[in-house]
*Asks:* 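Before I ask anything, here is the structure I am working with.
Residue numbering restarts at 1 for every chain, and letters A, B, ... go by the order of the sequence lines.
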Number of protein chains: 2
Amino acid sequence: MKRDSRLSGVLHVLLHMAEQSGPQTSETLARAMDTNPVVIRRVMAGLREQGFVHSEKGHGGGWTIVCDLETVRLRDIYEALGRPEILAMGNRTDAPGCLVEQAVNAALGQAFDDAEALLLRRFGEITLAQLSADFHARLTERGGAITPETSHAA
Amino acid sequence: MKRDSRLSGVLHVLLHMAEQSGPQTSETLARAMDTNPVVIRRVMAGLREQGFVHSEKGHGGGWTIVCDLETVRLRDIYEALGRPEILAMGNRTDAPGCLVEQAVNAALGQAFDDAEALLLRRFGEITLAQLSADFHARLTERGGAITPETSHAA
DNA sequence: TGATCACGTATCATATAAAGTTACATGAAA
DNA sequence: TTTCATGTAACTTTATATGATACGTGATCA
């Protein structure tokens, strides 16, 4: 399978929502993301449970971001997604009887753990507000608005 | 699919080979690894091309380790395997036009790159000799030989 | 020389998980 | 009560590691 892009995708969605005043439908978000509304609802479900977003049914319904961009970090979003697998590699066996494999596992496992820990630490250092600020900086640098806040089809 | 365990597996095989004087057949190694001979040949192919192991056909044939355990590092083995994917996560799109996604990609990409770099650095710090030494330390600590150098079925 | 052994490799099957899709129930607003 | 939008289940698709079968090649041994 291709690399898991749920975190990337859901952050994209969140920042778009942050630029909008009213609720955004899964349909609208899906178009901007070039995907399916059900996929949007699927990844948003975890965020809703954690109270980062709110969803409303019926006319005028859709998704709204209801968290503080300054305090919510990528790490929080990652966890709301259900802490997806970070590494594509792993040890063959978890608790092998073979001493050779134990030695291999110890060395590899340490390296794997370090890499995972670093990634999670980075995620813990970045707030949604920082991402939003970076987006606005890029918008300014590009020299004004091409489309209001994105380059997606309106 | 489950996490890629080729590096873990091939290191296991290599250390076993290092404990043996003569060539080991794919059949024998596969039994120790609880897998299929073809899988062994498959992962060993890259190591053979890099000159880390040698294979011989016919009677008395099999696999022999022909590299210097002191100088070959996990990083070398990783690369001989064809540099398998390290992270299970990634950005949705590589070069998005959307500025929001560019901001997301920049932040996530940096974190991903850092984690990958750390893992590769760790791999570059560990020699096969170190793994072998750790194995022998475990063997001593266990208090002598249960089976000569492993706990696999002979 | 011929039988056997072991690798080299193509091919197909299996398993897993994300992503895409369809279908339908639920609830809210017009 | 009709329409809209979410909530979810179920199925399909896709990608990739792994497992397994089959057969060719070359080397050794009787």
*Asks:* Determine whether A:L14 and A:L131 make a side-chain contact, defined as any pair of heavy atoms from C-beta on separated by less than 4.5 Å.
*Replies:* no
*Asks:* To the nearest angstrom, how far is A:Q24 atom CD from D:dT6 atom P?
*Replies:*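 Rounded to the whole Å, the gap is 10 Å.
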*Asks:* In whole Å, I'd like the distance from the CE atom of A:M33 to the C1' atom of C:dA18.
*Replies:* 14 Å
*Asks:* Does A:S55 have a side-chain nitrogen or oxygen under 4.0 Å from the phosphate oxygens OP1 or OP2 of D:dT6?
*Replies:*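 No.
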*Asks:* Tell me whether A:R83 at atom CZ has more than 12 heavy atoms from other residues, nucleotides or ligands lying less than 6.0 Å away.
*Replies:*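 Counting other residues, nucleotides and ligands, CZ of A:R83 stays at 12 neighbours or fewer.
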*Asks:* Apply salt bridge (Lys or Arg N to Asp or Glu O under 4.0 Å) to A:E125 and A:R121, showing your working.
*Replies:* CA-CA 6 Å; A:E125 289 165 354; A:R121 196 175 338 128; 5.6 Å; no
*Asks:* In whole Å, I'd like the distance from the CG atom of A:L7 to the P atom of C:dA18.
*Replies:*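 Rounded to whole Å, this separation is 13 Å.
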*Asks:* Could you pick out which residue, B:H59 or B:P84, lies toward the 5' side of DNA chain D when each is mapped onto its nearest nucleotide?
*Replies:* B:P84
*Asks:* What does B:E56 touch in the nucleic acid at a heavy-atom separation under 4.0 angstrom: a base, only the sugar-phosphate, or nothing?
*Replies:*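 The answer is sugar-phosphate, as B:E56 gets under 4.0 Å only of primed atoms, P, OP1 or OP2.
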*Asks:* Compare the minimum distances between each of C:dG8, C:dC5, C:dA28 and the side chain of A:K57, then state the nucleotide with the smallest one.
*Replies:* C:dA28
*Asks:* Can you tabulate the close N/O pairs, meaning under 3.5 Å, that link protein atoms to atoms of nucleotides 8-10 of chain D?
*Replies:*
residue: D:dA10; atom: N6; partner: A:R42; partner atom: NH1; Å: 3.4

*Asks:* Side chains of B:P84 and B:R6: does their closest heavy-atom pair fall under 4.5 Å?
*Replies:*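 Result yes, sub-4.5 Å side-chain heavy-atom pair found.
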*Asks:* Whole angstrom is fine here: how far is it from CG in B:N36 over to P in D:dA17?
*Replies:*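 Atom-to-atom, B:N36 to D:dA17, this comes out as 17 Å.
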*Asks:* Among the nucleotides D:dA17, D:dC4, C:dA19, which one has an atom lying closest to any side-chain atom of A:S5?
*Replies:* C:dA19
*Asks:* Report the C-alpha distance between A:S8 and A:S5 in whole Å, list the side-chain angles of each, state the deciding distance to 0.1 Å, and finish with yes or no for side-chain hydrogen bond (donor to acceptor under 3.5 Å, both in side chains).
*Replies:* CA-CA 5 Å; A:S8 168; A:S5 65; 5.9 Å; no
*Asks:* Measure the distance from CG on B:D34 to C1' on D:dA20 and round it to the nearest whole Å.
*Replies:*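 Nearest whole value for this atom pair: 14 Å.
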*Asks:* How far apart are the C-alpha atoms of B:D76 and B:F52, what are their side-chain angles, what is the distance that settles it, and do they pass the side-chain contact (heavy atoms from CB on, under 4.5 Å) test?
*Replies:* CA-CA 9 Å; B:D76 301 313; B:F52 297 139; 3.8 Å; yes
*Asks:* Can a side chain N or O of A:T25 be found less than 4.0 Å away from OP1 or OP2 on D:dA5?
*Replies:* no
*Asks:* Take atom CG of B:L29 and atom P of C:dG8, then tell me their distance rounded to the nearest Å.
*Replies:*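 For the pair B:L29 CG and C:dG8 P, the rounded distance is 12 Å.
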*Asks:* Quick one, B:R73 with B:I126, criterion side-chain contact (heavy atoms from CB on, under 4.5 Å). Give me CA distance, side-chain angles, the key distance, then yes/no.
*Replies:* CA-CA 5 Å; B:R73 292 153 194 276; B:I126 305 171; 6.0 Å; no
*Asks:* Please give, in whole Å, the distance from D:dT14 C1' to A:R3 CZ?
*Replies:* 17 Å
*Asks:* Any side-chain N or O of B:S26 under 4.0 Å from OP1/OP2 of C:dC7?
*Replies:*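 Yes, because at least one side-chain N or O of B:S26 sits under 4.0 Å from OP1 or OP2 of C:dC7.
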*Asks:* Could you state the CD-C1' distance from B:E85 to C:dA18, rounded to the nearest angstrom?
*Replies:*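 B:E85 atom CD is separated from C:dA18 atom C1' by 14 Å.
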